[in-house]
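Heads up: numbering here begins at 1 and tracks the sequence. Quick caveat, the model's predicted, so the values are computed rather than measured.
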Amino acid sequence: MIMPVRRVFGIPAILTGGECVTLIRDLTQLWHLTYGAAPGELEADLALCKRFFDPLARGHSLRDRLGKLPDTPADLLRRISQHGEPLGVQAGDRVLLVGIEARLTLALLEKYPVGEDHVVITPSDVATAEGTAMQIYRTWSMARLNQVVALRRGQGSEVMQAISVGIVIALLVNRSDTEDRAVAKSDHWTVDGEQVDSAIFSGAEAFAAAVSRSRSSRAAGEQRLKGGYALSEARRRLADRLMVTPDSKNNGELLYIPSPQRQYVIAFLGRDLARRPRLTESALASAFDLLVSAYRGAAGQLAHRGMIFERSTDTRSLKEDLLREFTEARHSFE
C-alpha cells in the first residue's frame, strides 16, 4: 500500500536541501513584495497578515491594498503556485499574496540546519504550525462575536455613550418596565413623536452634559427614539433587556425595560459608568438629579400621552441602587 506524502500547507514534509534553500528564498522575497519589508519577528509578522486576511476587513480597504501589490516575477510565481493554496493566494493574474501559512512555513524551514542533504519536518512541528494557524484564524473569526458579548457584559473597549446611558436611566425613572408603562416610539416628525422624544431626551441630554462635561447639543436627527443613534447604541449594549415591541394602537413601537431585567440594567449602567476614570460618585449623583429635574420639567408632554409613571420614592431608590452599583464596580477596578 502506497502511503500519501505528508504535507504542511501544501509543501512536502520531506525536502532536499536545495528545495529547502529555494523555498526559503522564494518565501522571503514574496513576503517582501506583499508587506514591503523583510520578514521580522514571527509574532509581529503574523499580526501583520491581518492587513489582507482579517475577516472583518472592509471590501474597499482590501481592494485598495491589493491594488498596490507589485507583480510577482514569473519564475517566482510559477514555483510557489505549484504548491497551491494556502501557501500562496492568487490575488490577480500576475500577483501572488502570502500570509500566515507562508510565514509559519518560513519559520519552520529556518529551524533546520543549512547544507543538509534532506530536511524532514517532524510530525510535531507540522502539528504545531497547523495548530498555530488554526488558532489565529479562530481568534480573528471570533472577534466580532467576542466584541458583541463584551459590550453586552459592559466589558467592551469603549464605554457606553453618555446620552445612551441617559436614555436608559430616563426610562427607569419613568418606570417604563412593562408594556403598560412603555414609552411609545413613533415618527419623530409627527407632533406626538416629537413630544415624546423631546421629553425623554430632555433628561438624557442633561445627564450626558453633566457626565461628559460638555454642553454641545446634538443634531436634531439624533434627538429621537425612532432611528436615533443614542437608542441604537443602548440596544446594541443591552439587547433584549431593552425591549421594543409593536404598538398596534398607534401603529408604532413600545419601548421599555422588562421588570425582571431592571436590576441587571442598573448594575450594567453602574459598571459602565464606573469605567469613566474622572467620574466621581458625587458627580454621578448630581448628573442623576439634573436628569430627573429636566425629565420632570418636560413630564407634561408625557402626561398628555398618558405615559408619565414616575414616583418619587421609586426614583430615590433607583438613584441609591445606581450609586451603589457604581461604587462597588469602581472598588472592584482598583
Side-chain angles (χ1 to χ4, degrees), residues 158-179 181-239 241-245 247 250-257 262 265-266 268-270 272-273 276 279 283-312 314-315 318-319 322:
E158 296 181 0
V159 295
M160 193 170 170
Q161 293 282 337
I163 184 67
S164 301
V165 176
I167 286 175
V168 179
I169 294 177
L171 290 171
L172 290 168
V173 168
N174 194 53
R175 296 198 306 129
S176 295
D177 54 8
T178 67
E179 281 199 27
R181 294 198 293 264
V183 169
K185 289 173 56 186
S186 56
D187 192 334
H188 179 72
W189 305 116
T190 65
V191 174
D192 286 345
E194 187 175 2
Q195 287 179 337
V196 174
D197 288 356
S198 176
I200 292 296
F201 268 92
S202 61
E205 288 278 12
F207 178 85
V211 167
S212 61
R213 300 180 183 180
S214 171
R215 295 291 171 182
S216 60
S217 60
R218 293 182 172 266
E222 296 181 42
Q223 296 176 330
R224 64 181 190 270
L225 295 176
K226 187 172 182 178
Y229 172 79
L231 180 58
S232 297
E233 166 72 357
R235 293 193 67 196
R236 189 164 70 97
R237 303 296 185 110
L238 294 171
R241 295 180 176 92
L242 183 54
M243 293 292 295
V244 175
T245 59
D247 180 8
N250 300 296
N251 195 30
E253 293 176 319
L254 298 174
L255 175 65
Y256 66 99
I257 298 162
R262 182 179 182 277
V265 171
I266 295 172
F268 180 98
L269 297 178
D272 191 84
L273 289 164
R276 299 171 182 264
L279 183 62
L284 176 57
S286 176
F288 184 94
D289 291 341
L290 288 171
L291 181 151
V292 173
S293 177
Y295 162 87
R296 287 172 176 168
Q301 298 177 57
L302 285 176
H304 169 71
R305 291 289 306 274
M307 288 186 289
I308 178 67
F309 305 105
E310 191 232 354
R311 290 195 306 214
S312 57
D314 290 334
T315 299
L318 170 62
K319 179 180 178 180
L322 181 63

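Rounding to the nearest 0.5 angstrom, the gap separating the OG atom in Ser312 from the CZ atom in Arg296 is 6.5 Å. Atom CZ of Phe288 and atom CG of Leu322 lie 6.5 Å apart (nearest 0.5 Å). Distance check: Leu238 CG to Phe268 CZ gives 5.0 Å after rounding to the nearest 0.5 Å. Atoms OG and CZ, from Ser176 and Phe309 in turn, are 6.5 Å apart once rounded to the nearest 0.5 Å. To the nearest 0.5 Å, atom CG of residue Leu279 and atom CG of residue Leu284 are 5.5 Å apart.
Under the 3.5 Å distance criterion, the side-chain polar atoms of Asp177 are left unmatched by any main-chain donor or acceptor of Ile257. Judged purely by atom type and a 3.5 angstrom limit, Ser164 has no side-chain atom pairing as donor or acceptor with the backbone of Met160.
Annotation: side chain of Leu318 is not in contact with side chain of Asp314 (no heavy-atom distance under 4.5 Å). Contact of the Glu179 side chain with the Thr245 side chain is registered, since non-hydrogen atoms from C-beta on lie closer than 4.5 Å. Phe201 places a side-chain heavy atom less than 4.5 Å from the side chain of Ile167.
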**OP:** Walk me through it: do Val183 and Leu254 pass the test side-chain contact (heavy atoms from CB on, under 4.5 Å)?
**Re:** CA-CA 6 Å; Val183 169; Leu254 298 174; over 6 Å; no
**OP:** Decide side-chain hydrogen bond (donor to acceptor under 3.5 Å, both in side chains) for Thr315 and Glu310; before the verdict, give the C-alpha distance in whole Å, the side-chain angles of both, and the deciding distance to 0.1 Å.
**Re:** CA-CA 7 Å; Thr315 299; Glu310 191 232 354; 2.7 Å; yes
**OP:** Any chance you could lay out the side-chain contact (heavy atoms from CB on, under 4.5 Å) test for Glu205 and Ile163, step after step, and finish with the verdict?
**Re:** CA-CA 6 Å; Glu205 288 278 12; Ile163 184 67; 3.8 Å; yes
**OP:** Carefully, step by step, assess Leu290 and Phe207 under the rule side-chain contact (heavy atoms from CB on, under 4.5 Å).
**Re:** CA-CA 6 Å; Leu290 288 171; Phe207 178 85; over 6 Å; no
**OP:** Could you go through the side-chain contact (heavy atoms from CB on, under 4.5 Å) check for Leu269 and Leu172 one step at a time?
**Re:** CA-CA 11 Å; Leu269 297 178; Leu172 290 168; 4.2 Å; yes
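In this structure Asp289 satisfies the salt bridge (Lys or Arg N to Asp or Glu O under 4.0 Å) test together with Lys319, sequence neighbours excluded. With sequence neighbours excluded, the residues that form a side chain to side chain contact (heavy atoms under 4.5 Å, CB included) with Arg235 are Leu231, Leu242, Val244. By the side chain to side chain contact (heavy atoms under 4.5 Å, CB included) test, Thr178 is found to be paired with Asp180, Arg181, residues two or more places apart in sequence or in another chain being considered.
Scanning all heavy atoms of the two residues, the minimum distance from Gly203 to Leu291 falls at O-CG, 3.3 Å.
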